[in-house]
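The model shown is predicted, which means the values in this text are computed figures rather than measured ones. For this chain, numbers begin at 1 and follow the sequence in order.
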Amino acid sequence: MAVFTSVTLGDLTQWIKQFPLGQAVALKGIASGIENSNFFLTTESGEYVLTIFENLSFEQLPFYLELMHHLAERGVLVPAPVATHDGELIVPLHGKPAAIVSKLEGSSQMAPQPAHCAAVGTMLARMHLAAQDYPLEQPNLRGLDWWNLTTPKVLPYLSAENAHLLRAEMHFQEAFAGCDTYRQLQRGPVHADLFRNNVMFVGERLTGFFDFYFAGCDTWLFDVAVTINDWCIDLATGVLDTARVRAMLDAYHAVRPFTDAEQTAWQPMLRAAALRFWLSRLYDYYQPREAEMLTPHDPTHFERILRERIATPAPELRG
Ligand SMILES: Nc1ncnc2c1ncn2[C@@H]1O[C@H](COP(=O)(O)OP(=O)(O)OP(=O)(O)O)[C@@H](O)[C@H]1O
Ligand SMILES: N[C@@H](CCO)C(=O)O
C-alpha cells in the first residue's frame, strides 16, 4: 500500500457533510497502490473509494476526475466521481486534494485468460473513441520529458550494463518520437497505466477501469503497448503469450481499426512502454517516499521486458 496520509473516521465527521452521502460509517485503508492514499469508505448511502492525492495538485486533478466523468457518461465502465453540494469533485483533506468515487464491483484478474484480454481490448478501444471529444488537455506527465529528467537521477545507481541499456534506449526513443511515422499516430486522452491491478472483473465480465491518475494525452498506441506489456506476458520472463496478445489486439481492432502508421510503430512502441515503467520503478526504488506501508515494485521486471522486446519481435497489430 500505501497510506501516506492517515485519516480516521472521526476526521470525516464534518468533512463528509459537504457531499450528499450521509454520514461516514466505516473507513479502511487499502494496502495496495504506490501513488496515492486510498480508503474504502462506507457511508449511509453506499460504498465508495476515498483517494488522497499525494503527488498531483489541485490544478492537475480536474483533468482526471472530469475525464472519468466524461467516460462514465458515455458508457465506458469507470468509477464515477461524486460531486459536493457545490458541484466540486476535488476538495482538500488534511491539506491535500481528495476525491470520492463510486466503488467498482468485483476484483482484479491477476491470471488473465484470452477472454479477459479481449474484454480489456474492447473497452480500451471504446475508451479511446469516447475520449476523442474530451475538452481538457494535459500531456502524459510520465512521457518523454519525464524520462529525460529521470534518467540522470537513476543512472548513478545502475550497473554499467544497465546504464548502457538505459542510455541506448533513451537515444532510440528520442529518435522514434521525432520520426514521421510517430507524428502520424492518432492521439488523445489515454489511461497510460492499464495494468491487471487497475481493471475489475466479475468472472469474465469486465466491470471497470480505474486508477486514472497517470492519464494524459498521448498516442493511443502507447496505451495499447502498456496494456499488452502487462496483460499478455508470462510474468516470470516477460515473454508475450500469443493467444492473449491476439485476443486483445483483435478485440481492440474490431472497435477501432489500427492504422498503417501504428503497424509500423508497434515494435518501438512496445519498447517505449517497457522503458517508461522501468524508469518509474527505478525512480521509486532508489528515491522512496515516506509511507506507512510501502512495497516498491521490482524494477528488474521491466528491465527484462525491455530486453525481451528488443530481442524478439512481438506479434503484428493486425493478425
Ligand atoms: N473505484 C474503485 N472501486 C473499487 N476498488 C477500488 C477503486 N479504486 C481503487 N480501488 C482499490 O484500491 C486499490 C488501490 O487503488 P489504486 O490502484 O488506484 O492505487 P494507487 O495508489 O493509485 O496505485 P497504483 O498507481 O500503484 O496502481 C486497488 O487495487 C483496488 O483494490
Ligand atoms: N503500474 C505501475 C505502478 C504505478 O501505477 C507499475 O507497475 O510500475
Side-chain angles (χ1 to χ4, degrees), residues 32-33 49 51 63-81 101-134 136 140 185-233 240-259 262 266 269-270 273 276-277 314-315 317-319:
S32 69
V49 171
T51 299
F63 179 85
Y64 309 101
L65 275 302
E66 296 291 348
L67 177 59
M68 289 156 74
H69 175 72
H70 180 98
L71 293 172
E73 276 193 325
R74 284 157 182 77
V76 181
L77 300 178
V78 300
V101 302
S102 59
K103 185 177 173 185
L104 299 171
E105 197 191 349
S107 56
S108 295
Q109 173 51 258
M110 300 310 283
Q113 299 301 308
H116 301 108
C117 295
V120 171
T122 299
M123 191 63 71
L124 185 60
R126 285 182 53 197
M127 189 191 81
H128 290 161
L129 293 175
Q132 272 185 118
D133 61 344
Y134 182 60
L136 302 186
N140 172 6
L185 301 177
Q186 289 179 272
R187 304 174 64 86
V190 300
H191 185 286
D193 189 28
L194 195 63
F195 283 43
R196 300 175 193 197
N197 62 336
N198 287 335
V199 180
M200 292 299 189
F201 277 94
V202 172
E204 288 183 358
R205 179 170 62 91
L206 192 157
T207 58
F209 290 174
F210 63 103
D211 197 2
F212 276 78
Y213 305 113
F214 283 113
C217 295
D218 206 329
T219 65
W220 286 344
L221 193 65
F222 178 74
D223 220 11
V224 176
V226 167
T227 310
I228 287 275
N229 270 346
D230 184 68
W231 284 83
C232 305
I233 62 166
L240 289 167
D241 172 58
T242 305
R244 278 180 284 157
V245 173
R246 270 287 42 95
M248 186 176 287
L249 292 179
D250 292 352
Y252 184 100
H253 184 69
V255 177
R256 204 283 294 174
F258 292 115
T259 65
E262 286 174 327
W266 181 225
M269 195 62 87
L270 283 163
R276 177 262 182 255
F277 288 97
L317 276 184
R318 296 181 291 224

Chemist: Residues two or more places apart in sequence or in another chain: which of them pass salt bridge (Lys or Arg N to Asp or Glu O under 4.0 Å) with Arg187?
Modeler: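 So Arg187 forms no salt bridge (Lys or Arg N to Asp or Glu O under 4.0 Å) with any residue.
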Chemist: Under 4.5 Å between any side-chain heavy atoms of Met123 and Leu77, yes or no?
Modeler: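 Yes, their side chains come closer than 4.5 Å.
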Chemist: Closer than 3.5 angstrom, by distance alone: can the side chain of Thr207 be matched with the main-chain N or O of Met200 as a donor-acceptor pair?
Modeler: yes
Chemist: Only pairs at least two apart or in different chains count here, so list each side chain to side chain donor-acceptor pair (under 3.5 Å) that has a residue in residues 115-131.
Modeler: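 Those involving residues 115-131 are His128-Asp223, His128-Tyr252.
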Chemist: Please check this pair: side chain of Trp231 against backbone of Gly121, looking for a donor-acceptor N/O pair closer than 3.5 Å.
Modeler: no
Chemist: Walk me through it: do Leu194 and Val199 pass the test side-chain contact (heavy atoms from CB on, under 4.5 Å)?
Modeler: CA-CA 7 Å; Leu194 195 63; Val199 180; 3.6 Å; yes
Chemist: I'd like to know whether Tyr134 forms a ring-ring contact (aromatic ring centres under 6.0 Å, His included) with Phe63, so could you lay out the CA-CA distance, the side-chain angles of the two residues, the decisive distance to 0.1 Å, and finally the verdict.
Modeler: CA-CA 10 Å; Tyr134 182 60; Phe63 179 85; 5.6 Å; yes
Chemist: Between Trp220 (side chain only) and Leu124 (backbone N and O only), is there a donor and an acceptor less than 3.5 Å apart?
Modeler: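 No: the side chain of Trp220 does not pair with the backbone of Leu124.
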Chemist: Looking at Val202 and Gly106, what are the two nearest heavy atoms and their distance?
Modeler: CG2-CA, 3.6 Å
Chemist: Does anything in residues 201-211 pair up under salt bridge (charged side-chain N to carboxylate O under 4.0 Å, His left out), and if so which pairs, sequence neighbours excluded?
Modeler: Glu105-Arg205
Chemist: Starting at CG of Asn198, measure out to CG of Asp193 and round the result to the nearest 0.5 Å.
Modeler: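 Output value for this atom pair is 5.0 Å.
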Chemist: Are the side chains of Trp266 and Phe258 in touch, meaning some heavy atoms are under 4.5 Å apart?
Modeler: no
Chemist: Any chance you could lay out the side-chain contact (heavy atoms from CB on, under 4.5 Å) test for Leu136 and Leu67, step after step, and finish with the verdict?
Modeler: CA-CA 8 Å; Leu136 302 186; Leu67 177 59; over 6 Å; no
Chemist: Applying side chain to side chain donor-acceptor pair (under 3.5 Å), name anything that partners His69, two or more places apart in sequence or on another chain.
Modeler: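 Applying side chain to side chain donor-acceptor pair (under 3.5 Å) to His69 gives none.
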Chemist: Suppose the criterion is salt bridge (charged side-chain N to carboxylate O under 4.0 Å, His left out): which pairs have a residue in residues 245-254, not counting sequence neighbours?
Modeler: Arg246-Asp250
Chemist: For Leu65, check side chain to side chain contact (heavy atoms under 4.5 Å, CB included) against everything at least two apart and list the hits.
Modeler: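 Leu65: side chain to side chain contact (heavy atoms under 4.5 Å, CB included) contacts with Phe53, Leu61, Met68, Pro81, Leu89, Ile90, Ala99, Val101, Tyr213.
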Chemist: How many angstroms lie between atom CG of Leu104 and atom CZ of Phe201, to the nearest 0.5 angstrom?
Modeler: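 Answer rounded to 0.5 Å: 12.0 Å.
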Chemist: So, taking the atom named CZ in Phe214 and the one named CZ in Phe277, what distance separates them when rounded to the nearest 0.5 Å?
Modeler: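 Taking CZ in Phe214 and CZ in Phe277, the distance rounds to 7.5 Å.
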Chemist: Out of curiosity, Met269 CE to Thr219 OG1, how far, rounded to the nearest 0.5 Å?
Modeler: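 Here the rounded value is 3.5 Å.
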Chemist: To check you understand the geometry: which heavy-atom pair defines the closest contact between Cys117 and Cys232, and what is its length?
Modeler: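 For Cys117 versus Cys232, the nearest heavy atoms are SG-SG, 4.0 Å.
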Chemist: Among all residues two or more places apart in sequence or in another chain, which pass the salt bridge (Lys or Arg N to Asp or Glu O under 4.0 Å) test with Asp241?
Modeler: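 Asp241: salt bridge (Lys or Arg N to Asp or Glu O under 4.0 Å) contacts with Arg244.
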Chemist: Working to the nearest 0.5 Å, report the span between CZ of Arg256 and CD of Gln132.
Modeler: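 Reported to 0.5 Å precision, the distance equals 8.5 Å.
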Chemist: Hey, what do you get for CG (Asp218) to CG (Asn140), rounding to the nearest 0.5 Å?
Modeler: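 Going from CG on Asp218 over to CG on Asn140, the span is 4.5 Å.
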Chemist: Run the side-chain contact (heavy atoms from CB on, under 4.5 Å) check on His253 and Leu317 step by step: do they pass?
Modeler: CA-CA 8 Å; His253 184 69; Leu317 276 184; over 6 Å; no
Chemist: Phe222: what forms a ring-ring contact (aromatic ring centres under 6.0 Å, His included) with it, not counting sequence neighbours?
Modeler: none
Chemist: What residues, two or more places apart in sequence or in another chain, satisfy side chain to side chain contact (heavy atoms under 4.5 Å, CB included) together with Ala130?
Modeler: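 Testing Ala130 for side chain to side chain contact (heavy atoms under 4.5 Å, CB included), a comparison that skips the adjacent residues, returns Leu71, Arg74, Val76.
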Chemist: Just to verify, what does Asp230 make a side chain to side chain donor-acceptor pair (under 3.5 Å) with, not counting sequence neighbours?
Modeler: none
